[in-house]
Amino acid sequence: MTEKDLAQRTSLRFNDLWSYDSAPESSDNVQLMDRYDLFIDGTFQPPENGKYFKSINPATEEVLSEVADAGNADVDKAVKAARKAYNGTWSRIPAKERGKYIYRISRMIQERAREFAILESMDSGKPIRESRDIDIPQVVAHFFYYAGWADKLDYAFPGVKPKPVGVAGQIIPWNFPLLMAAWKIAPALATGNTVVIKSAESTPLSLYKLAELLRDAELPPGVVNIISGAGNTGAEIVQHPDIDKIAFTGSTEVGKLIQKSVAGTDKKYTLELGGKAANIVFEDAPVDQAVEGIVNGIFFNQGHVCCAGSRLLVHEAISEELVRKLKMRMETLIVGDPLDKNTDIGAINSRPQLEKIQRYLAESVEEGQEIYQTKCTLPEKGYWCCPTLVDNVSQSHRVVQEEVFGPVLTIQTFRTPAEAVSLANNTPYGLSGGIWTDKGSKIFKVGKDIRAGVIWSNTFNKFDPTSPFGGYKESGVGREGGLHGLLPYLELSK
Ligand code: NAI
Ligand code: MG
């Protein structure tokens, strides 16, 4: 039997033989207001400038609600409320009490998990399977984990006296709205700081749901202030003189602007920026398992993941087999309605993001690279991109160098571990990486040589609140998660 015959006989044929019945999650129990004001000092307040903008569902292009567009007067109000709460209650109440509030927030999110998951999928386009099984459980776990640290800070840093820094200004992106909020709010509160947090333009709604929950949890007013707005609102937070610490997750471009803006001030800052991770498959790797890991690495959350495994580096000896199996597996991925429980790949978060992805692909076509897209049928409305492979690329191509932030995987081959490491490190980023091999020694050697914050071996995209996360080089500074994640929110003095 030739290799081709064998391939045909062992092909997985799904879509043309049978398909799943649709299993949509109902959005009936998601109560949305037509309009959300800013959550400042424990109440919802209209913006001073009277301006609002709309948030849409990227899978249907329907307007879900409109939210306040905070200007500098609103940012100032929010910072003042946070300062008042910091001086008045939050930095003074016993640490154990702080912990109780955070435990309560965690439990209440868990109770309302379904509503949060559905809303997150509606506002961002991510599949319900992911928001239900990953985002929201991780949100709960983060609050729960940091609640535990609140009254144990003296043990975490023995011999020094940990003190809160004051008011934290936090700016988050649209790919994991509520999860990024949890990563930032939970450690800030556990360490006795108060917060002004801004959601991203396209995904403000789950944070306003969180605001309602914080009010129900009777968190003292002003401890967490939640606002919405675009880049200029973010810049107002960064520049506000009474903010002590900036926590930012988003693009490297904006990260650099923030770094310039805080230079010369005594503001502390952490930046979690972009990535261009190599997912390296050695010739001794379990191929089927690696295929699953590659799919998870790049197609999870439509590839809108800073630590996505967006560059496949595969040993030349197994590349043909691996790519063939990868294509077969990709054909089984269901692209479509994010609220359908069968969906693997939801909607691209926004029109500008879709256009950005399409520009990269158009350039790849122009440059003669080989593009493979699955035969998925796309809904008429909304923003969609089929799972895509880009082969026949070289290291200098933009699609290999830059963060596409979509379901697009480039493929390169290598012959030796040293070559794999040099390809993996040939990037301005350094956030994550993946290694697939049967040999522990190879994992340790190659893992040590790759300059990235997180290296997964024989798995990918695994998260846990106890584990620090963050980048090297242009992927940012500072760590979030774990014990390390407390540090940016503390002054440690003898
Ligand atoms: P962005 O970096 O502009 O947005 C992230 C957050 O920063 C949003 O809340 C935004 O309002 C805020 N922001 C924008 N300009 C600001 C400024 N001058 N000062 C303070 N805050 C500011 O990212 P964008 O434009 O939404 O996406 C562009 C690209 O960035 C994506 O295609 C992707 O490659 C990358 N990105 C990476 C993320 C990551 O987690 N690594 C997350 C989001 C985007
Ligand atoms: Mg939206």
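Note that ligands are numbered from 1 as they come in the structure, with each ligand's atoms numbered from 1 the same way.
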List by chain and number: which residues place a heavy atom under 4.0 Å from ligand 1? I171, I172, P173, W174, N175, K198, S199, A200, E201, A230, G231, G234, A235, F248, T249, G250, S251, V254, L257, L273, G274, C306, Q353, K356, E403, F405
Flag this pair as yes if the NZ/CZ of K209 is under 6.0 angstrom from the six-membered ring centre of F116 and inside a 45 degree cone about the axis; otherwise no. no
N, O or S atom of P204 closer to the Mg ion (ligand 2) than 2.8 Å: no
Consider only side-chain N and O atoms of S124 and T203, and report whether a donor and an acceptor are under 3.5 Å apart. no
To the nearest 0.5 Å, what is the distance between CG (D69) and NZ (K54)? 12.0 Å
Do any of the N/O/S atoms of S202, backbone or side chain, fall under 2.8 Å from the Mg ion (ligand 2)? yes
Working to 10°, measure the angle at the Mg ion (ligand 2) formed by atom O of I56 and atom OG of S55. 100°
Which pairs, with at least one residue in residues 224-236 and sequence neighbours excluded, count as a side-chain hydrogen bond (donor to acceptor under 3.5 Å, both in side chains)? Y208-S228
Would you compute the distance between atom CD of E201 and atom CH2 of W174 and round it to the nearest 0.5 angstrom? 10.5 Å
Are R129 and D344 within salt-bridge range, i.e. N to O under 4.0 Å? yes
Give the ring-plane orientation class for W456 versus F460, where under 30° counts as parallel, over 60° as perpendicular and anything between as tilted. tilted
